[in-house]
Q: 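Shown below is the structure under consideration.
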Amino acid sequence: MKIKVLYFGMIAEVIGHDFEIIEISNKNSTVNELIKLLQAKFPKLEDMSFKVALNQSIVEENTKIGINDEVAILPPFAGG
Amino acid sequence: MKIKVLYFGMIAEVIGHDFEIIEISNKNSTVNELIKLLQAKFPKLEDMSFKVALNQSIVEENTKIGINDEVAILPPFAGG
Amino acid sequence: MNKEKKIKNVFIEGPITPAKIADSIAHHQVKTNIGAHDIFLGQVRADVIAGKIVKAIEYSAYEDMANKVFDEIRESAFVKYDLTCAHIYHSKGIVKAGELCLFVFTSSKHRTMAFDACRYITEEIKAKAPVFGKELFEDDSHVWKVNH
Amino acid sequence: MNKEKKIKNVFIEGPITPAKIADSIAHHQVKTNIGAHDIFLGQVRADVIAGKIVKAIEYSAYEDMANKVFDEIRESAFVKYDLTCAHIYHSKGIVKAGELCLFVFTSSKHRTMAFDACRYITEEIKAKAPVFGKELFEDDSHVWKVNH
């Protein structure tokens with residue numbers, strides 16, 4: 001299935017876009033599998049710290065990704 | 001000896017002036033003796049809470065009053 | 001009545017001005033049950049990083065999520081503390097060194113609640129709001145800011 | 001060089017205006033080592049006391065002593081906390097319900113120091129400054145305010 005992944009801050013800088021459409025293997029893909037896929041594509045990500053949000057909430061790596069989920073890769077926060 | 005005593009807030013209201021010249025017995029008068037003298041003159045003071053400042057610092061009741069000391073009778077603070 | 005709650009937009013383009021803060025304060029003078037306000041302001045520092053001076057921070061955010069997070073922080077402050085009002089404003093875009101990027105404003109009957117809530121909200125923002133900051137140097141190079 | 005230190009006058013006649021606060025904030029924008037400000041504002045409440053509404057507080061003070069106490073509080077805050085700036089303003093005379101009577105402003109590189117110092121200064125003022133407040137009612141009667 002295809003999902004839309006949003007990138008922010010230094011992650012967007014490394015990847016070179018604000019978002020991408022990513023093909024993930026099946027309906028039982030987890031956040032962890034997406035991370036592995038992105039790290040294979042962008043090796044610099046392996047050295048970077050980030051969190052993943054599904055539908056605007058931070059989730060654990062074992063969370064399953066659904067077809068309409070809004071996925072975002074978030075580098076360290078710097079608000080305030 | 002004569003000393004000048006300053007009154008503030010509700011104390012000034014009860015006494016009716018902002019300051020008075022008070023005659024105290026001798027050079028070894030303490031704050032405590034001054035308080036007793038004022039309470040005799042203004043019985044309402046007995047029910048009131050106040051602190052005494054000598055030369056702009058709060059002092060204990062056993063502190064001696066000198067001839068040039070600035071004495072102030074301070075009701076509870078309400079700053080801020 | 002399953003109407004979705006309207007979430008407030010916390011972001012202001014560019015720096016937060018002293019005039020904006022004065023306006024906010026003035027708007028609270030009709031609320032005569034308030035006895036205490038606490039205001040936290042974040043200001044961009046001209047830090048020296050590896051010999052170069054920060055001239056500005058360019059803020060970006062996952063805005064929809066950030067506004068949701070700001071709203072949750074604000075709601076949780078009302079649950080934890082006895083508040084009359086609580087407001088949050090955060091800059092997006094360029095904020096120069098010396099300019100303000102965050103404005104947290106809490107009001108209560110008594111000072112303890114205003115102080116506690118302002119600090120709580122500020123700490124929560126630093127930890128939970130998906131806001132990103134690019135520290136810009138005079139030579140147009142940059143580093144990414146990370147909260148501690 | 002036994003010159004006596006000039007003690008600043010903290011008192012402002014009447015209410016502290018939002019414009020005064022905006023001016024103070026604006027003056028700190030040249031200090032680019034500041035990362036955090038905390039501002040405490042005391043506002044006069046329209047409390048109901050024995051069925052009557054407070055319309056204003058008339059502040060008076062033992063001004064010379066109060067300015068000395070405010071100065072000592074400020075100096076002690078600089079000793080206890082790593083501050084860039086600290087300012088205190090207090091009203092004297094009439095301040096109506098909803099208007100501001102106290103403005104404490106602390107600035108530091110980081111937020112913790114600004115928060116801690118602002119709270120410390122505010123608590124010290126409430127406990128130690130010889131300032132007196134007459135709560136005035138609509139019918140021109142009054143009671144004397146006492147800090148807790």
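Predicted model only: the values in this text are computed from it and were never measured. We use all heavy atoms of the structure for the numbers below, so side chains are in, but hydrogens, waters and symmetry mates are not. Chain letters run A, B, ... following the sequence lines, proteins first, then strands; residues in each count from 1.
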Q: Which atoms of Asp38(D) are under 4.5 Å from chain C, going by heavy atoms: the side chain, the backbone, both sets, or neither?
A: both
Q: Search all heavy atoms of Phe11(D) against all heavy atoms of Ser91(D) and return the closest pair with its distance.
A: CD2-O, 3.9 Å
Q: Quick one, Ile94(D) with Leu136(D), criterion side chain to side chain contact (heavy atoms under 4.5 Å, CB included). Give me CA distance, side-chain angles, the key distance, then yes/no.
A: CA-CA 9 Å; Ile94(D) 302 273; Leu136(D) 308 173; 3.5 Å; yes
Q: With a strict 4.5 Å heavy-atom criterion, list every residue of residues 42-63 of chain C that contacts chain D, or say none.
A: Gly42(C), Gln43(C), Val44(C), Arg45(C), Ala46(C), Asp47(C)
Q: Do you know which of Leu102(C), Val30(C), Ile21(C), Leu41(C) has the most heavy-atom pairs under 4.5 Å to chain D?
A: Leu41(C)
Q: Given side chain to side chain contact (heavy atoms under 4.5 Å, CB included), test Glu13(C) with Lys92(C) step by step and report yes or no.
A: CA-CA 5 Å; Glu13(C) 186 65 43; Lys92(C) 61 179 183 177; 3.3 Å; yes
Q: With only heavy atoms counted, which part of Lys126(D) is less than 4.5 Å from chain C, the side chain, the backbone, both or neither?
A: side chain
Q: Would you mind telling me which of Ser107(C), Ala19(C), Ala36(C) has the largest number of heavy-atom pairs within less than 4.5 Å of chain D?
A: Ala36(C)
Q: Looking at Glu99(C), Lys109(C), Lys96(C), Lys20(C), which one has more heavy-atom pairs under 4.5 Å with chain D than the rest?
A: Lys109(C)
Q: Do the ring centers of His28(D) and His87(D) come within less than 6.0 Å of each other?
A: yes
Q: Can you tell me which portion of Ile34(D) sits under 4.5 Å from chain C's heavy atoms? Options are side chain, backbone, both or neither.
A: both
Q: Just give me the residue among Val104(C), Thr112(C), Thr106(C) that pairs up with chain D most often, heavy atom to heavy atom, under 4.5 Å.
A: Thr112(C)
Q: Between Leu100(D) and chain C, which part of the residue has a heavy atom less than 4.5 Å away: side chain, backbone, both or neither?
A: both
Q: Would you say the ring centroid of His37(C) lies under 6.0 angstrom from that of Phe40(D)?
A: no
Q: Using a distance-only test with no angle check, is there a side-chain donor-acceptor pair under 3.5 angstrom linking Lys31(C) and Asn33(C)?
A: no
Q: Could you check whether the rings of Phe105(D) and Phe103(D) sit parallel, tilted or perpendicular, using 30° and 60° as the cut-offs?
A: parallel
Q: Identify the two heavy atoms, one from Ser76(C) and one from Ile73(C), that lie closest to each other, and give their separation to 0.1 Å.
A: OG-O, 2.8 Å
Q: Run Glu123(D) and Arg111(C) through side chain to side chain contact (heavy atoms under 4.5 Å, CB included) and show every step you take.
A: CA-CA 9 Å; Glu123(D) 294 300 333; Arg111(C) 65 189 179 279; 2.8 Å; yes
Q: Sub-3.5 Å donor-acceptor pair from the side chain of Arg74(D) to the main-chain atoms of Ala86(D), do we have one?
A: yes
Q: Measure up the His90(C) and Phe70(C) rings against each other and bin them: parallel (under 30°), tilted (30 to 60°), perpendicular (over 60°).
A: tilted
Q: For chain C, which residues from residues 114-122 of chain D have at least one heavy atom closer than 4.5 Å to it?
A: Phe115(D), Asp116(D), Cys118(D), Arg119(D), Thr122(D)
Q: Using modelled atom types and a 3.5 Å cut-off, is there a donor and acceptor pairing between side-chain atoms of Asp71(C) and backbone atoms of Lys8(C)?
A: no
Q: Decide yes or no on side chain to side chain contact (heavy atoms under 4.5 Å, CB included) for Asn67(C) and Met65(C), but give the supporting numbers first.
A: CA-CA 5 Å; Asn67(C) 278 316; Met65(C) 177 174 162; over 6 Å; no
